[in-house]
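The chains referred to below are lettered A, B, ... by the order of the sequence lines, with proteins before strands, and numbering in each begins at 1.
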Number of protein chains: 2
Amino acid sequence: MTGKGKAAGSGATDRQALDALTLRLIDSVATAIRRSIERGELPHIELPVRSLANVSFDADKGYFELGEALKTRTLTVNTVRSFAQTLRLMAASRQMVQSDDFATKREAYYISKNWGDCRFDEQAESDAIMDDIEALASLHGLSREQLRFYPESHGGSVAGPLTVIDTDPESGKVLEIDCASLGSGAYSVPHSVEQLGFRADADFILAIETGGMFQRLNNHRFWKQARCILVEMGGVPTRATRRFIRRLSDSTDLPVYCFVDCDPYGFANIYRTLKVGSGNAAHINRFFCVPRAQYLGVTPQDILDYRLEDATHPLSKTDIKRAKDALKNDPFFASQPRWIVAIEQLLAMGIRAEQQALAKWGLNYVIDDYLPRKLEDRDSFLP
Amino acid sequence: MTGKGKAAGSGATDRQALDALTLRLIDSVATAIRRSIERGELPHIELPVRSLANVSFDADKGYFELGEALKTRTLTVNTVRSFAQTLRLMAASRQMVQSDDFATKREAYYISKNWGDCRFDEQAESDAIMDDIEALASLHGLSREQLRFYPESHGGSVAGPLTVIDTDPESGKVLEIDCASLGSGAYSVPHSVEQLGFRADADFILAIETGGMFQRLNNHRFWKQARCILVEMGGVPTRATRRFIRRLSDSTDLPVYCFVDCDPYGFANIYRTLKVGSGNAAHINRFFCVPRAQYLGVTPQDILDYRLEDATHPLSKTDIKRAKDALKNDPFFASQPRWIVAIEQLLAMGIRAEQQALAKWGLNYVIDDYLPRKLEDRDSFLP
């Protein structure tokens, strides 16, 4: 699905094959149910168990993975509503694949309002059923986006020596979007990125926490000086941003460096989500994690090396709790001795530093000094 | 500064004139202070009063406006720190205008860390002083962006028959960005838009509340069918989004129609902020309000006309409070009889509807039926 050979593809051929796979999966579930009924048996669907008991951290793959446990949803008086909802939502997915359309999670909830007695009363209901279907699809290498259920949020902004290859949704004409020709603006990543192809003339991808830092690096054309592609995460990256970075790095074979705040939220929420995903949504990690991501900074040691102490803030109680949780309960951090040292160092220092704190030495210190020095010493990146 | 004649300009000439005006303003404040000192007098700065007592709603202009009351900040033992901070922040602004650089509000706070005793301890301090300087500049027709203090957040996504004219920050080369050629992606509006020029081949601008609806209208090329420019607001629009819509509609002379949820938050927060701004930040409204904006929908009457009742939610206590506040305390709504009727109708119905609720009739009902019917009857738009 991805790899070096895909660097100049449009993604269109892949998508047709995946669409065919999606339709086969939905048809096979429907056919099995129909046969059960014809045999006079109660129909059932087998769905992966999504609880943490069925999730493990695969250190080799580098992310949380769903195990093989299955739950069986059999048609009974008690399950008739959720059973029907599961089938209708799969039917909606089938129709969207066939008509090349999509629905956000919110829209998927609303289209049920015409389903009579099996309509969803709350979006929490439709989300849970969608998660079940998504988990089932993930066993077949298909993501929720492939089922045509799109997230509410689009991805972050992108700038640099990257050509995004897309097709006009109406005419089918191939479009090439040059992310180096958007001035002070940027390319806004769509809600689903499966259809995109990439051609890059860069050495790495720089994933940036804040919009302000992204704008600085873009306005000063840091991407030209450092031969990199800038991606704005805007805090914890959305599904679309994560998938974009994953597909981009897979298909161009470029490393991903993360530039975020030096605080437990930056480590354990932003960076960890991008790199290894979460246990709560283990069925999506195989599509959304970026195991090759590395942590460029800001590191606790940077606070000392770049003398940022007087531009820091004390760790809050929440910060301290989050850091201790990461050390104690998080299999990713627990498996990385260098992260353990870094988090313990931060706790001992009792302070946190934002990436903007570098402005203490001048607005463009980050461009002229900090990033070049960090990039010279890639062994200093945290894993 | 704006108008029909500017439709094809790059904005660059305007910007040079505004830069000169900005430098003159800063120099004149500095010169007056120096002269006071040379005369042996205590130096002072006159700044506009920003409290609500000095704000009024101008029904003709269509927004809240700052009055003429001034406060005097004289150098004393008690004010020495804030006095020095005001001057240093103005000096930083001057340097950024000269070097064509910028600082986010957060960066402006951090650059003070090298100011010794007059450094800011909290960002709230630097924000308050920045607001003072911004209010002063606004009396001279200059916005905070012109002072080169940029907001943290960029603007929303844009798609449609619009060419954005920008210059490459490095080479100065003119760049034309075709917002109809970005596939399923979009143009991400930068943090500051003062430098942009526009060329549009459209009949109106459609400002959309949710990212999901924007993606639907963009993927289905609604902008082609309806000859419009799509702008995603993503909830309450950011400064950058508001200023972008304002500059775009001024320079192309296109009307602005808002497509948001039918609830008090959509009316009183999203739409009202875009159209008339807020009393709390009256000094910025002259740059950021879009007085020509009209409310396309979703209206309370639409819930009945499009039979959305079973896709609605009950009004929450917060909704009801917000609606009653709008009727009682908001000079904008109070001055609009049709809004009073609409809000009272919503309160009587006791329900709210999201724009995605139209999906009840099919995912693309909004494209095939709702929007075309609404656009046929522009008198039904709320003012």
Margin query: Can you tell me which portion of A/I177 sits under 4.5 Å from chain B's heavy atoms? Options are side chain, backbone, both or neither.
Written below: side chain
Checklist line | Separation of A/L358 CG from B/I111 CD1 (nearest 0.5 Å) | finding: 13.5 Å
Next item on the list: Look at atom CG of A/D121 and say whether more than 12 heavy atoms of other residues, nucleotides or ligands are closer to it than 6.0 Å.
Entry: yes
Notebook entry, point to check: Mind checking which of residues 152-162 of chain B sit less than 4.5 Å from chain A, heavy atom to heavy atom?
Noted result: B/E152, B/H154, B/S157
Next item on the list: Could you please spell out the steps behind the side chain to side chain donor-acceptor pair (under 3.5 Å) verdict for A/H191 and B/N219?
Entry: CA-CA 10 Å; A/H191 294 234; B/N219 270 40; over 6 Å; no
Checklist line | A/L175 side, atom CG; B/D178 side, atom CG - distance, nearest 0.5 Å | finding: 9.5 Å
Next item on the list: Considering only heavy atoms and a distance below 4.5 Å, find which of A/K173, A/M213, A/R106, A/K224 pairs most often with chain B.
Entry: A/R106
Item checked: Spacing of OG belonging to B/S192 relative to CD belonging to A/Q215, to within rounding of 0.5 Å -> 8.0 Å
Check: Can you check whether B/D101 reaches A/H220 side chain to side chain, under 4.5 Å on heavy atoms?
Finding: yes
Next item on the list: Determine whether A/R221 and B/D168 make a side-chain contact, defined as any pair of heavy atoms from C-beta on separated by less than 4.5 Å.
Entry: yes
Check: Are there more than 12 heavy atoms of other residues, nucleotides or ligands under 6.0 Å from atom CG of A/D117?
Finding: no
Check: Which atoms form the tightest heavy-atom contact between B/L363 and A/F102, and what is the distance?
Finding: CD1-O, 3.4 Å
Margin query: Does B/Q95 have more than 12 heavy atoms from other residues, nucleotides or ligands lying within 6.0 Å of its CD?
Written below: no
Next item on the list: Find the one option among B/E232, B/E170, B/K105, B/E354 whose heavy-atom pairs under 4.5 Å with chain A are most numerous.
Entry: B/E354
Notebook entry, point to check: With only heavy atoms counted, which part of A/R216 is less than 4.5 Å from chain B, the side chain, the backbone, both or neither?
Noted result: both
Item checked: side chain to side chain contact (heavy atoms under 4.5 Å, CB included) involving A/A311 - partner list, sequence neighbours excluded -> A/A357, A/K360, B/Y110, B/K113
Next item on the list: Determine the option with the most heavy-atom pairs under 4.5 angstrom with chain B, choosing from A/T210, A/N114, A/N218.
Entry: A/N114
Notebook entry, point to check: Looking at B/A186, B/G212, B/G211, which one has more heavy-atom pairs under 4.5 Å with chain A than the rest?
Noted result: B/A186
Item checked: Residue, of B/M96, B/Q356, B/R119, that accumulates the most heavy atom pairs under 4.5 Å with chain A -> B/Q356
Next item on the list: Mark yes when over 12 heavy atoms from residues, nucleotides or ligands other than B/Q98 sit less than 6.0 Å from its CD; otherwise mark no.
Entry: yes
Notebook entry, point to check: Stepwise, does the side chain to side chain donor-acceptor pair (under 3.5 Å) test hold for A/S184 with B/Q195?
Noted result: CA-CA 9 Å; A/S184 48; B/Q195 73 284 8; 2.6 Å; yes
